[in-house]
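Down below is the structure, laid out as structure tokens.
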Amino acid sequence: MAEAGQQKIAFDLVTPTALAIAEQVDMVVVPGSEGDIGVLPGHTPLITTLRPGLVDIHNDGRITKSLFVTGGFAEATPERCMVLAETVLTVADVTPQDAQARLAEARESLAAAGAEANAAAKDEVRAAEALVEAVAMRRGSN
Amino acid sequence: MASLKTLKTRIKSVRSTQKITSAMKMVAASRLRRAQEAAEAARPYAVRMERMVASVLASPGIAENGPRLLAGTGKDNVQLLIPVTSDRGLAGGFNATIIRETRRRIALLEGQGKTVKLLCVGRKGAAALRRDYGAKIVGTAEDIGRTGVKFSDAHDIGQRVLEMFAAGEFDVATVIFNRFASAISQIVTPQQIVPVPAPKIEAAPVDVHGAHGTPRAVYEYEPSEQEILEALLPGNLRIQIFRALLESSASEHGARMTAMDNATRNAGDMIGKLTMTYNRQRQAQITKELIEIISGAEAL
């Protein structure tokens with residue numbers, strides 16, 4: 001792993017409507033469902049599901065791009081890392097107000113669903129919560 | 001014989017119809033281009049998703065006790081058909097072919113003693129099928145693709161299909177949609193989406209271990225293969241529906257463009273013919289008036 005310092009890994013972020021990102025990066029951190037996973041060149045082949053959270057692209061020792069995904073899948077091989085996500089948001093484009101509004105809306109629809117609240121509504125709340133947190137964290141650090 | 005005045009009105013009305021059809025053709029052409037781009041943009045996701053499903057399925061022991069979405073219920077008694085039509089007409093045979101194929105399938109399946117349920121996408125399909133098969137329609141989805149097909153549309157339909165399947169309301173689901181071949185040709189395509197047909201394994205699997213590695217990538221899974229597959233399959237279902245909607249939307253605009261092109265041309269022919277008759281009559285009238293004047297003068 002150590003000798004991989006200068007190497008780059010091909011990173012693809014794909015959504016149903018577009019190939020959102022396809023570039024060479026130093027490292028990506030993906031929000032795996034069982035914890036964040038940093039993918040460097042030479043990573044063992046891995047397939048994982050994602051929880052709602054941030055995909056961070058690292059270049060030259062710092063985060064150059066940060067994207068929010070509501071879930072999805074990631075596949076890592078030694079040469080490439082691929083993230084499949086149904087929705088992607090650039091964190092810089094989301095204001096804390098937007099995030100809060102989305103959370104409020106999600107909670108409302110969950111409450112409206114009542115006892116038979118379906119998994120989709122719960123997922124939406126979880127995603128919105130993660131978004132609020134992510135936005136707060138990134139804004140705070142800047 | 002029609003009078004000059006009625007001919008003139010006819011010509012005027014045909015001309016204004018022609019204006020409308022040619023405008024519709026123009027609109028359809030630009031929408032078609034956008035729809036094609038959208039279909040193109042969806043391809044990478046679908047291809048990678050399929051590859052991921054294939055590689056999970058390739059791992060040992062997964063296919064035997066796969067989730068129900070893959071294995072099916074083991075029956076095919078209740079069939080869900082999802083005909084994809086448009087909300088608007090004037091698109092040539094676009095909706096008619098889908099409806100005809102749906103009717104044919106219903107007759108065929110019922111002949112085999114199976115129960116058929118319908119989930120109609122698009123207003124035209126629901127309207128046409130309601131008359132004969134109203135009792136079979138379990139749901140409709142409308143207003144799709146008015147401003148381009150969105151993934152959330154496919155997500156919603158997928159969710160309904162999944163919920164129905166989870167509740168045991170059907171055994172097999174098939175989408176019937178128009179595959180876009182070209183602006184003048186759309187192919188009615190039935191595609192089974194539940195149980196998920198096993199994706200074809202690539203002929204040349206990606207070798208991740210270099211030249212002397214194992215023939216197929218050996219992945220680590222987090223969480224287990226089982227859980228990943230359970231999450232992947234609904235995603236795969238949604239993208240299949242999304243692609244069907246995109247293909248259908250491109251086909252719709254293609255069909256409308258062709259239909260409107262023909263209509264514009266027909267209107268042009270008709271205007272030509274009517275103008276010819278109009279001119280002949282005008283001449284005949286002038287001749288008649290001249291004869292009247294001359295014979296009037298001679299009589300004096």
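Residue numbering restarts at 1 for every chain, and letters A, B, ... go by the order of the sequence lines.
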Would you say B:Ile157 and B:Leu245 make side-chain contact, with heavy atoms under 4.5 Å? yes
Under 4.5 Å to a heavy atom of chain B? For A:Thr49 that would be both
Stepwise salt bridge (Lys or Arg N to Asp or Glu O under 4.0 Å) check, A:Arg51 with A:Asp36: CA-CA 9 Å; A:Arg51 65 183 155 76; A:Asp36 287 359; 2.3 Å; yes
Which answer fits B:Ile228, side chain, backbone, both or neither, if we ask what part of it has an atom under 4.5 Å from a heavy atom of chain A? both
Please list, one pair per line, the donor and acceptor atoms closer than 3.5 Å that link side chains of residues 29-46 of chain B to other protein atoms, with sequence neighbours excluded.
unit_1  : atom_1 : unit_2  : atom_2 : d
B:Ser30 : OG     : B:Val27 : O      : 3.2
B:Glu40 : OE2    : B:Arg43 : NH1    : 3.2

Checking A:Glu86 now: which residues fulfil side-chain hydrogen bond (donor to acceptor under 3.5 Å, both in side chains) with it, not counting sequence neighbours? B:Arg238
Selection from B:Glu220, B:Met49, B:Glu227 maximising heavy-atom pairs under 4.5 Å formed with chain A: B:Glu220
Choice from A:Thr44, A:Thr15, A:Leu84, A:Leu19 maximising heavy atom contacts with chain B below 4.5 Å: A:Leu84
For A:Thr17, which atoms come within 4.5 Å of any heavy atom of chain B: side chain, backbone, both, or neither? both
At a 4.5 Å cut-off on heavy atoms, which part of B:Leu232 comes close to chain A: side chain, backbone, both, or neither? both
Least distance between heavy atoms, B:Leu237 atom then B:Gly158 atom: CD2-O, 3.9 Å
B:Phe151 and B:His155 aromatic ring geometry - parallel, tilted or perpendicular at 30°/60° bounds: perpendicular
Top contributor to chain B contacts, counting heavy-atom pairs under 4.5 Å, from A:Asp12, A:Leu46, A:Ile37: A:Leu46
